[in-house]
Asker: 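So that we are looking at the same thing, I have put the structure below in structure tokens.
Note on naming: letters A, B, ... go to the chains in the order of the sequence lines (proteins, then strands), and numbering restarts at 1 for each one.
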2 protein chains.
Amino acid sequence: MPHPLISKLGRRDRLSDAEQQILETSAFSVHTFAAGEEIVAEGSTSDYSCLILEGWASRNKQLKDGRQQITAFHILGDFVDLHSFLLKPMDHTVVAITACKMAMVKHSVVKEITENHPHLTRMLWLSTLIDASIHREWLVTLGRLPAPAHLAHLICELYLRLEAVGEAKDYSFVFPVTQTLLADALGLSTVHVNRVVQELRREKLISWRGARVGIPNFDRLKLFAEFDPTYLNLLVEQR
Amino acid sequence: MPHPLISKLGRRDRLSDAEQQILETSAFSVHTFAAGEEIVAEGSTSDYSCLILEGWASRNKQLKDGRQQITAFHILGDFVDLHSFLLKPMDHTVVAITACKMAMVKHSVVKEITENHPHLTRMLWLSTLIDASIHREWLVTLGRLPAPAHLAHLICELYLRLEAVGEAKDYSFVFPVTQTLLADALGLSTVHVNRVVQELRREKLISWRGARVGIPNFDRLKLFAEFDPTYLNLLVEQR
DNA sequence: GCTGCGCAATAACCTGAGTTAATTCGCCAC
DNA sequence: GTGGCGAATTAACTCAGGTTATTGCGCAGC
């Protein structure tokens, strides 16, 4: 299996053999985390970043009263806290949604890349810029879309991201997220998430039984969600 | 007057004379934009980025029905669309809130920096990471805070950012944003923004007459907004 | 001094989403 | 197959915030 980060960056621009070699050998260890386990703590200052080899993770920000907002979902190939290379301390927690296998990369290695490999540096920078672009899209869906369209939008996004890394096809994917977590991502209550899920099911915009979500008609769901995939930057280009 | 980007980055880490020199001479021109004018169009692919020398700007994302969400406010020293160096096409518009003076920097110059000046590259990367960190904080305030705390939080943030660039002191600053724009940033209706502004005034958490906002008791406002400035990364550190 | 205009302020009414609490389902352990 | 448990579902009621419409105010233009 090719290295997931190489595939991911390679989807945006061609990587040289030397660059691929560097990424191949960048991890100093592989850790496994159980579902629900905290991978990175808010307020911590680490000297490494984590790349997902297997499983789902989320970035969570806690409020004082115990409620939380999820600011991102992460899947195979995502460099969950690459920003902690320069941005310290961590402004959020990273939590394993399912069991996760993570490759740990020392910040000294990333620093060495910035010293000697400008193109690869730009590609890593790009990957954090895409995270930010997704944050902005979430701001719009959170601030301006009604709950049903908001959920539909998230499902469109996750499907395309999963498809890009080979974890989804034929408009169906495994979605290991409880309605409670979904509520934390959508800024809703659990009860209302349930109402909205059932509305989308009733309208045949999605199917969802067990952990598997299906999209009977992607164009219809896109339209309903006002979804435009540009912000995911899934196209190859010189950087 | 020192170059605002040098001061801004210099607040996060020491810049060498050579680095300062590069930033000094990086702009190829200075443009002025009128209030309300579009500085960068959504969907466009430019070969330069803009740095604010004077005035306020915002990043706006439009919906089909004409409504919009503001995803960021920008002030003196902010590199409004540095991400367009690697992320194309633009996923949002940049609009001048007041009259703006902008320094335009060619992407070829930024690229040259990434080729030859790793530390300066990291500092520029950092500045986009701070943007992302603010996006995440906004996701929390948008998703989980009630409207009054949300507005209070924004005012805390803007005060500290303005103070850091010398545009605010003594807990008072010029806030050139109409309640309609504010509604687009907070994900609220204009009417509700007005209700909330008056609530904060009534509670003596803020004063706001004309374009000037005052904060009689910053600690009380922080508490009310659950505001923690960590995410602004205003502290100096080696990068 | 009048007119027009953008913005702030108010009012009346409506609705999407929150809250609390009870019920049901699916699945695993023993 | 029974008990336990987390998650999904449902119901009843409340409320934050949206909608539509009107009014007031300061100011630029003539």
Side-chain angles (χ1 to χ4, degrees), chain A residues 34-37 56 63 65-70 95-99 141-154 174-203 206-213 224, chain B residues 34-37 56 63 65-69 95-99 141-154 174-203 206-213 224-225:
Chain A
E37 201 176 338
W56 285 56
L63 293 180
D65 59 8
R67 293 182 309 154
Q68 62 175 354
Q69 174 72 35
I70 291 177
V95 179
I97 292 176
T98 64
T141 59
L142 197 50
R144 289 306 188 192
L145 289 192
H150 188 183
L151 173 57
H153 193 283
L154 178 62
V174 173
F175 189 42
V177 170
T178 65
Q179 294 186 1
T180 307
L181 274 190
L182 201 46
D184 287 336
L186 299 174
L188 298 171
S189 66
T190 313
V191 174
H192 200 58
V193 166
N194 187 270
R195 288 194 273 251
V196 165
V197 166
Q198 292 183 53
E199 180 183 332
L200 295 192
R201 279 207 272 246
R202 208 178 320 118
E203 301 292 331
I206 63 166
S207 66
W208 185 359
R209 53 180 64 243
R212 182 159 288 272
V213 169
F224 179 78
Chain B
E37 201 176 336
W56 285 56
L63 292 179
D65 59 9
R67 292 182 309 154
Q68 62 176 353
Q69 174 71 37
V95 179
I97 293 176
T98 65
T141 60
L142 197 49
R144 289 304 187 194
L145 289 193
H150 188 183
L151 173 57
H153 193 283
L154 177 62
V174 172
F175 188 42
V177 170
T178 65
Q179 294 187 1
T180 308
L181 273 192
L182 200 46
D184 287 336
L186 299 175
L188 298 172
S189 67
T190 314
V191 175
H192 200 59
V193 166
N194 187 272
R195 287 195 273 249
V196 165
V197 166
Q198 292 183 53
E199 181 182 331
L200 295 193
R201 279 207 273 246
R202 208 180 319 118
E203 301 292 331
I206 63 167
S207 65
W208 185 358
R209 52 182 63 245
R212 182 159 288 273
V213 168
F224 179 78

Asker: For A:N194 and D:dT9, is the shortest distance between a side-chain N/O and OP1 or OP2 below 4.0 Å?
Answerer: yes
Asker: Is there a donor-acceptor contact under 3.5 Å from the side chain of B:R144 to the main chain of A:L188?
Answerer: yes
Asker: Report the residue (B:P148 or A:Q179) whose heavy-atom-nearest nucleotide on DNA chain D is the more 5′ of the two.
Answerer: A:Q179
Asker: Can you check whether B:D184's main-chain N or O pairs, donor with acceptor, with B:Q69's side chain at less than 3.5 Å?
Answerer: yes
Asker: Using only heavy-atom distances, decide whether a donor-acceptor pair under 3.5 angstrom links the side-chain of A:R195 to the base of C:dG18.
Answerer: yes
Asker: Select base, sugar-phosphate, or nothing to describe what A:V191 touches, counting heavy atoms under 4.0 Å on all strands.
Answerer: base
Asker: Return whichever of A:T190 or B:P146 has its heavy-atom-nearest nucleotide of DNA chain D closer to the 5' end.
Answerer: A:T190
Asker: Whole angstroms only, please: what is the CZ-C1' distance between B:F175 and C:dC7?
Answerer: 15 Å
Asker: Reckon B:Q198 has a side-chain N or O less than 4.0 Å from the OP1 or OP2 of C:dA8?
Answerer: no
Asker: Can you tell me which nucleotide in C:dA17, D:dG17, C:dA9 comes closest to the side chain of A:A147?
Answerer: C:dA17
Asker: Any side-chain heavy-atom pair from B:V177 and B:I97 closer than 4.5 angstrom?
Answerer: yes
Asker: Rounded to the nearest Å, what distance is computed from the CG atom of residue B:L188 to the C1' atom of nucleotide C:dT15?
Answerer: 16 Å
Asker: Quick one: are A:L181 and A:Q68 in side-chain contact, heavy atoms under 4.5 Å?
Answerer: yes
Asker: Atom NE2 of B:H192 and atom C1' of C:dA9: how far apart are they, to the nearest Å?
Answerer: 15 Å
Asker: What is the distance, to the nearest angstrom, from the CG atom on B:L182 to the C1' atom on C:dG6?
Answerer: 17 Å
Asker: Report the distance from atom CZ of A:R209 to atom P of C:dC27, rounded to the nearest whole Å.
Answerer: 11 Å
Asker: Which part of the nucleic acid, if any, lies within reach of A:G187 when heavy atoms closer than 4.0 Å are counted: base, sugar-phosphate only, or nothing?
Answerer: sugar-phosphate
Asker: Does B:R201 make a side-chain N or O approach to OP1 or OP2 of C:dA9 shorter than 4.0 Å?
Answerer: yes
Asker: Ignoring hydrogens and geometry, is there a side-chain-to-backbone donor-acceptor pair from A:T98 to A:W56 under 3.5 Å?
Answerer: yes
Asker: Could you tell me whether A:T178 contacts a base, only the sugar-phosphate backbone, or nothing, with contacts defined as non-hydrogen atoms closer than 4.0 Å?
Answerer: sugar-phosphate
Asker: From CG of A:L142 over to P of C:dG16, roughly how many Å is that when rounded to an integer?
Answerer: 18 Å
Asker: Please state how far atom CG in A:D184 lies from atom P in D:dA7, giving the value in whole angstrom units.
Answerer: 12 Å
Asker: In whole angstroms, how far is the P atom of D:dA8 from the CG atom of A:L151?
Answerer: 13 Å
